[in-house]
Amino acid sequence: MMITLYFPTVDMTSVAATETGLRKQLSYGRIGGFSYEDPFLKGAGKPKTVVLSQDPKTGQPIETVEAYVYEAGIPFPSGINHPRTLGPGVKELSEGKGQIGQADHSQGAVFVVARDSDSVYVENATATRGWQPAEVLTTGGDANTHYVGSGKIMFVREGCWWCHTLLPEETQDWQYFGVPPRLGDYNGESPTAFGSDRKAPDLLHVGARNSSKEWMMMHFFNPRLVQPHSIMPRYDYLWGEKDGNGNAIDFAAWRQAYTDYREGKTVYPPEVPSMASQSEIRYLVDFVLSLK
Amino acid sequence: MLKYLFAKNEDIAPGTAAVFFGFSSIIWFVIGTGLGSFNAAKLAFPDFVTGSYLFSFGHMRQVHVLAVIFGWISMAFAMAMMYITPALGNTRLWSEKLGVWNCFLWNVGLSLGLTLLWTGMSSGREYSDMPWFIDLYIAAFIALPMAINVWMTIIKRRTQGIYTTNWFFGAGVFMVTIVFIVGNSPEWFNLTGLSEAYLTWWFAHNVLGLWITPIAAAIAYYTVPKVTGNPLYSHRIGHLHFWSVVVFYSTPAAHHLMSAPLPEWLKSFASVEGVLILVPAIAFVSNLLLTMQGKWHMFVENVEIKYTITGVLLAVPLNMQGGFQQTRAINWYVHGTGWIVAHAHLALLGFSTFLEGAAVYYGLQTILRRKLYSLALANFHFWFLLIGFAIYWISMTIAGLIQGAGKIYEVPYIDVVIAEHPYMIARWVGGTMVFTGNLVWLYNMWMTARAGAVIPEGRLPHELAYER
């Protein structure tokens, strides 16, 4: 027991986080299972990922950057709270140039992944560039805001990983489902949700294969709308009570219309209701599309 | 049960805790396999029951797994420990009252934990899904009281040596406590990333290797000599089994993460140790089968031996597969496919369930001093369990090979799903047969307690199986 417990753990702490690893932990936030701020895994207490193409402070256009917005009170990810998690090199840069030590979760902070020659590190943009969480959210707008952290929670709670792995196998998979992960890709991520039994395709790079939000919506509402032979369950209950326009969703009527379509009484299947901005399905779709 | 919780220890009849554990385990088995059958139906027919998160596959899958592991298997183990440990030490259970409390708190905690999981409160780590406070509860009120009771009974024994079964029991309760606490430590000590993934699988593998396999084997070491009347073939081989389990079974966890970017040396180490699992396996099977010498007719005639020896024989394919599929070459082909699901069910529903079934059948009859209510129903249970399991195992093995081929030859995934569909239906049929058999078992054991013929003092239940 001692051999296998002790050795790999020592090894892991000397691993430097990769860029993928930093992006993952900043967009997922603190642990992704049960936590005080979100006991029933509703997606609360998680950061938002905002794609910015203009500086929220000055309004000047900048090169597109992903900003990870932690509003006041939202717990910081593992690497900010425990910088050792970031690994050697990344830790020193993040603390020195990135000034992550100055971030205070009760005030909120905005982080970005920055690059210094050939090293990556976490930059506390609130300290270095003066970006405030509220400003970043306003500048980005709803269309550029992604609920990736909350979506990871949905992925865990709904058990997507009982069937979809997040780890391409060491086979020809690496051509079919995408490049294998590297050692530092998981620093600070919890749970890793690799999955073990693959009843469905691997999802580690699904956002690169299929980036259509509409396809995802149809797929989650009723997988058999886009893939007649799919054995995936329906996740229509993630839509909640109301659609994106604030109207109540009539699931019974939808199902009746769908049955009519299946029986050939109508030519087209019924339209899938749009997603409300703060709905669980929006979280999940944002997470799945972030897997690139 | 409630009246015993506050009774004086001396006023509680010996075996009371074992009886409560026995019936609890059967009830959890019915619940666990019922959920399994329901889940299997959803994989074969995805629109079976929909519209609510409560009936979603993702919410129910881990409830099935943990109900079976913590409810059926572990409670049947607890039942076996509560009557076999004292019997082998020629003494009473150290504290019958602690045993009853243990059983009560176990049922309460497990019901609570599974309900929370069902509603979505999860730690998100496979096989250690329970949130951390439930983990603490399990360690403090389930594992520890059981360990204390078993150890104290062994310490207070009135025999000189310690029989093989008690070696396994004493070590098993110790190892499962350590494995459980260490395996769940990521939640308490901010372990993340690959360290967490490794510990998750270290737990998942070792709960099989250091709890389920050795304790199930320990039951066979008791029931076969007890019922046949033959002495154990070799205590020396028993000790080889014991120590090789401790050394080899505790190390191969990394074979679950062969394609993760873990150190290569660790994965190779895990593969080699995995193949060495054949050492305890061969020791166990040969020892038990040689103990049967001259008594093979009992394999047909006697219910307990029928269950035990079926379990022992299923350990042959189980461990052959186990060693074989964690080599890199085979793992490459079958990892993450239905083959592994079949293997896991061979371990839990095949090998260990049959051994525990024997322990529960034998223990309830012995403690209640009642003859089995119906031998026909017991045989019905046996055959439904065996045939249902066989259908499940064969169909999932074939499905796994199809999936493996699909993985290697880059077949579009949906074609694999279509090819697997008949096997998914077969899986559901097999699972439902197991569930039906268990319902019959529950009825049979309930009626045994209620209306079974009384066994006279000095006789053993298997001696009068055919007496009317």
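Small disclaimer: the values here were computed from a predicted structure and weren't measured. Residue numbers start from 1 in every chain, and the chains themselves are labelled A, B, ... in the order their sequence lines are given, proteins ahead of strands.
With a 4.5 Å cut-off on non-hydrogen atoms, B:I414 touches chain A through its side chain but not through its backbone. Looking at A:H229, the atoms closer than 4.5 Å to chain B (heavy atoms on both sides) sit in the backbone and in the side chain alike. At a 4.5 Å heavy-atom cutoff, B:V65 makes no contact with chain A through either its backbone or its side chain. Residue contact with chain B, scored on non-hydrogen atoms closer than 4.5 Å, involves the backbone of A:P168 exclusively. Using a 4.5 Å cut-off between heavy atoms, B:P412 contacts chain A through both its backbone and its side chain. Looking at A:R157, the atoms closer than 4.5 Å to chain B (heavy atoms on both sides) sit in the backbone and in the side chain alike. Looking at A:P181, the atoms closer than 4.5 Å to chain B (heavy atoms on both sides) sit in the backbone and in the side chain alike. Heavy-atom distances place the side chain of A:T85, and not its backbone, under 4.5 Å from chain B. With a threshold of 4.5 angstrom between heavy atoms, A:F251 does not approach chain B through any atom at all. At a 4.5 Å heavy-atom cutoff, the contact between B:E410 and chain A is made by backbone and side-chain atoms alike. Interface remark: A:C160 contributes no atoms to any contact with chain B (heavy atom separation under 4.5 Å). Proximity to chain B is limited to the side chain of A:Q227, based on heavy atoms less than 4.5 angstrom apart. Using a 4.5 Å cut-off between heavy atoms, B:T50 contacts chain A through both its backbone and its side chain. Looking at A:R30, there are no atoms closer than 4.5 Å to chain B (heavy atoms on both sides), in backbone or side chain. At a 4.5 Å heavy-atom cutoff, B:T200 makes no contact with chain A through either its backbone or its side chain. Using a 4.5 Å cut-off between heavy atoms, A:K24 makes no contact with chain B at all. The part of B:L257 that comes within reach of chain A is its side chain, from C-beta onward, which places non-hydrogen atoms under 4.5 angstrom from that chain.
Between chain B and the residues A:L238, A:T171, A:V156, A:L41, the most heavy-atom pairs under 4.5 angstrom are made by A:T171. Residue with the most contacts toward chain B among A:Y176, A:F40, A:W162: A:W162 (heavy-atom pairs, distance under 4.5 Å). The candidate with the highest count of non-hydrogen atom pairs below 4.5 Å against chain B, out of A:G21, A:G188, A:G159, A:P223, is A:G188. When each of A:S230, A:P233, A:S78 is checked for heavy-atom pairs under 4.5 Å with chain B, A:S78 comes out on top. Chain A forms more heavy-atom pairs under 4.5 Å with one residue of B:K42, B:R125, B:E126 than with any other, namely B:E126. The choice from A:A17, A:S35, A:G33, A:P201 that makes the most heavy-atom pairs within less than 4.5 Å of chain B is A:P201. The greatest number of non-hydrogen atom pairs below 4.5 Å with chain B, out of A:E169, A:E170, A:E189, is found for A:E169.
Taken to the nearest 0.5 Å, the NE2 atom of B:H335 stands 8.0 Å off from the CG atom of A:L167. Here OH of B:Y413 is found 7.5 Å from CZ of A:F177. Values are rounded to the nearest 0.5 Å. Between the CG atom in A:D197 and the CD atom in B:Q403 there is a gap of 6.5 Å [rounded to 0.5 Å]. Atom OH of A:Y186 is separated from atom OG1 of B:T192 by 13.0 Å, given to the nearest 0.5 angstrom. Considering OH of A:Y235 and OG of B:S56, their distance stands at 4.0 Å, rounded to 0.5 Å. In this structure, the separation between OG on A:S190 and CG on B:L191 is 9.0 Å, given to the nearest 0.5 Å.
Across all their heavy atoms, B:F57 and A:C163 have their closest contact at CE2-SG, 3.9 Å. Of all the heavy atoms in B:A260 and A:F194, the pair that sits closest is CB-CE1, 4.3 Å. For the residue pair A:M232 and B:P46, the shortest heavy atom distance occurs at O-CB, 4.0 Å. Of all the heavy atoms in A:T192 and B:A197, the pair that sits closest is OG1-CB, 3.5 Å. Of all the heavy atoms in A:D173 and B:K407, the pair that sits closest is OD1-CG, 3.8 Å. Contact record, A:P39 with B:M121: O-CG, 3.1 Å, taken as the closest heavy-atom pair.
Within a 6.0 Å radius of CZ in B:R328, more than 12 heavy atoms belonging to other residues, nucleotides or ligands are found. Annotation: B:W211, atom CH2; neighbour count of heavy atoms from other residues, nucleotides and ligands within 6.0 Å is above 12. Counting heavy-atom neighbours within 6.0 Å of A:R182 CZ, excluding the residue itself, gives a total of 12 or less. Within 6.0 Å of atom CD in B:E264, more than 12 heavy atoms from other residues, nucleotides or ligands are found, so the atom counts as buried in its surroundings.
Note on ring orientation: taking the six-membered ring where Trp is involved, the planes of A:Y36 and B:W132 are perpendicular (angle over 60°, cut-offs 30° and 60°). Between B:F133 and A:F34, the ring planes are perpendicular. Angles over 60° get that label, and only those under 30° would be called parallel.
Within the 4.5 Å cutoff, side-chain heavy atoms of A:Q172 are placed close to those of B:I408.
Partner A:I231 forms a side chain to side chain contact (heavy atoms under 4.5 Å, CB included) with one of B:L43, B:I418, B:D47 and no other, that one being B:L43.
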